[in-house]
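Below is one structure, written out as structure tokens; comments come after it.
We name chains A, B, ... by the order of the sequence lines, and we start the count at 1 in each one. Just so we're clear, the structure is a prediction, and the values are computed from it rather than from any experiment.
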Amino acid sequence: MSFINYMAREINCKLVYYGPGLCGKTTNLQYIYERTNPEAKGKMISLATETERTLFFDFLPLSLGEIRGFKTRFHLYTVPGQVFYDASRKLILKGVDGVIFVADSQIERTEANLESVENLRTNLAEQGYSLDKLPYVVQYNKRDLPNVASLEELRQMINPTNVPDFEAVARTGVGVFDTLKAVAKLVLTELKKGS
Amino acid sequence: MINPQMVMYEEEFNQIQAVVDRLVRDANAKVVFIVDKNGQLIAASGDIDNIDTTSLASLTAGNIAATGGMAKLLKENEFATQFHEGEKANIHIQLVGNRVILVVIFDSRSSLGLVRLRVKKASEELNHIFESLLKKVQEPGADSPFAEITDEDIDNLFND
């Protein structure tokens with residue numbers, strides 16, 4: 001749920017990075033954090049376990065600049081990917097304006113990807129959202145690894161509705177900003193329509 | 001529309017800010033702020049230059065969401081109040097009208113009793129303000145400033 005503040009002349013939107021455990025959601029945020037000017041970002045918060053697995057969420061506030069005199073701010077969240085943290089994932093989807101699904105391109109993670117997309121769909125539906133109506137993009141991460149599925153295979157499995165999708169290597173930043181920009185654009189376009 | 005917007009107008013903002021400013025004084029608090037349930041900061045008052053209100057807002061909302069999840073499992077509606085006691089700072093978190101979260105940070109110059117008392121009164125006032133704000137937002141003709149933005153405006157945002 002975007003928040004338009006006429007007083008502060010700000011518009012705030014919430015983006016959520018979703019995907020199976022260890023697919024690179026937190027790595028996406030870390031890369032964005034490292035490569036953003038200090039004045040455009042806030043502190044990155046990671047609620048993680050001692051072994052750096054996300055426990056509740058990561059959070060990164062970003063400013064993207066102004067549209068018609070309104071500052072656009074995006075709040076980036078990740079969910080914990082591990083299957084048993086489902087209750088937490090549901091909470092983080094509340095009030096979401098746009099979703100990025102980060103898929104792990106490795107062949108052995110095929111099932112985990114599919115399970116996670118299905119879980120995303122179910123959890124959104126529980127909150128009254130439909131994945132087909134929400135600003136939504138897909139990122140195929142870890143393209144640099146040797147044992148990855150082909151782009152065609154991944155598309156067929158994870159992106160049957162043909163939303164904007166991107167190949168990425170989040171560790172080195174390939175595709176990270178392209179993915180973010182694509183979903184941010186969709187969210188702003190939705191705001192334009194939704195008024 | 002699947003995603004109802006939260007909108008803040010100048011009139012209501014000023015009313016909310018007045019309540020928050022007064023609560024800082026009446027409760028002897030260090031900082032008071034209001035967050036919506038999605039973690040967006042709505043208003044803040046007190047010694048806010050020395051704390052990261054954006055991060056606190058997001059964590060508060062996460063906290064309320066997690067507590068709400070626990071409540072649901074226990075077949076409770078909500079746990080509307082939370083209190084965290086530290087060595088120097090304490091945090092009192094109050095859910096207002098199941099819509100926004102009122103957070104009071106205070107130290108030994110105040111007390112939990114005083115904070116609770118003042119929060120109760122402020123919550124009632126805030127509830128009224130947010131109710132009327134909600135009505136205003138739902139009125140037809142409440143245009144979004146984004147109705148007129150062009151694809152070009154959006155593209156320009158991403159030209160590095």
Side-chain angles (χ1 to χ4, degrees), chain A residues 1-14 42-45 47 56-57 59-61 64-70 72-73 75 77 87-88 90-92 94-98 124 127-130 133-135 177-178 180-182 184-195, chain B residues 1-17 35-44 51-59 61-70 72-73 100 137 141-160:
Chain A
M1 181 171 62
S2 56
F3 173 31
I4 302 174
N5 190 334
Y6 284 87
M7 189 63 196
R9 306 217 42 96
E10 270 179 17
I11 169 99
N12 291 278
C13 305
K14 177 173 179 177
K43 209 187 253 170
M44 178 165 166
I45 289 178
L47 303 179
F56 195 5
F57 59 80
F59 167 71
L60 173 62
L64 282 189
E66 286 192 7
I67 283 193
R68 302 259 166 142
F70 274 77
T72 55
R73 288 178 197 271
H75 286 181
Y77 285 84
S88 303
K90 284 181 195 177
L91 298 177
I92 292 149
K94 278 186 184 171
V96 65
D97 294 302
L124 281 172
Q127 320 251 358
Y129 297 108
S130 158
K133 290 186 184 148
L134 207 64
F177 277 98
D178 294 335
L180 173 64
K181 282 176 187 178
K185 259 189 191 181
L186 289 177
V187 168
L188 292 171
T189 309
E190 191 62 32
L191 270 179
K192 189 182 143 188
K193 278 195 288 187
S195 54
Chain B
M1 194 175 141
I2 49 161
N3 239 350
Q5 278 162 17
M6 166 103 178
V7 178
M8 180 61 63
Y9 298 105
E10 189 170 349
E11 186 190 350
E12 283 77 12
F13 179 83
N14 288 334
Q15 291 171 0
I16 292 164
Q17 190 64 46
V35 190
D36 80 357
K37 281 180 99 178
N38 300 322
Q40 312 277 12
L41 185 69
I42 295 172
I51 61 164
D52 180 352
T53 44
T54 310
S55 298
L56 272 172
S58 145
L59 289 171
N63 197 335
I64 282 286
T67 316
M70 292 194 282
K72 222 172 170 183
L73 292 175
V100 294
V137 174
D143 278 343
S144 153
F146 286 82
E148 287 169 17
I149 60 168
T150 60
D151 293 341
E152 206 184 343
D153 287 333
I154 296 174
D155 283 333
N156 284 340
L157 203 57
F158 298 102
N159 290 341
D160 314 308

Smallest separation among heavy atoms of [X] and [Y], with atom names:
{"X": "N14(B)", "Y": "M7(A)", "answer": "OD1-CE, 3.9 Å"}
{"X": "K43(A)", "Y": "D52(B)", "answer": "CB-OD2, 3.5 Å"}
{"X": "L59(B)", "Y": "F57(A)", "answer": "CD2-CZ, 4.0 Å"}
{"X": "T54(B)", "Y": "H75(A)", "answer": "CG2-NE2, 4.3 Å"}
{"X": "Q40(B)", "Y": "C13(A)", "answer": "NE2-N, 4.1 Å"}
{"X": "S58(B)", "Y": "F59(A)", "answer": "OG-CG, 3.3 Å"}

Best-contacting candidate, T72(A), I45(A), L60(A), against chain B by heavy atom pairs under 4.5 angstrom = I45(A)
Looking only at A61(B), A65(B), G69(B), G39(B), the option with the highest number of non-hydrogen pairs under 4.5 Å against chain A is A65(B)
What part of [X] gets within 4.5 angstrom of chain B, counting heavy atoms only: side chain, backbone, both, or neither?
{"X": "Y77(A)", "result": "side chain"}
{"X": "I92(A)", "result": "neither"}
{"X": "E10(A)", "result": "neither"}
{"X": "A8(A)", "result": "neither"}

Pairwise distance CG(L186(A)) to CD1(I154(B)) - rounded to 0.5 angstrom | 9.5 Å
Whatever's closer than 4.5 Å to a heavy atom in chain A on I64(B) counts as neither
Under 4.5 Å heavy-atom distance to chain A, tell me which part of D153(B) shows up: side chain, backbone, both or neither.
-> both
Residues which pass ring-ring contact (aromatic ring centres under 6.0 Å, His included) with F3(A), listed by chain and number, not counting sequence neighbours = none
Set of residues satisfying ring-ring contact (aromatic ring centres under 6.0 Å, His included) with respect to F56(A), sequence neighbours excluded = none
Answer yes or no: is there a side-chain heavy-atom contact under 4.5 Å between M6(B) and N12(A)?
-> no
Might you confirm whether atom CD of Q127(A) has over 12 heavy atoms from other residues, nucleotides or ligands at distances under 6.0 Å?
-> yes
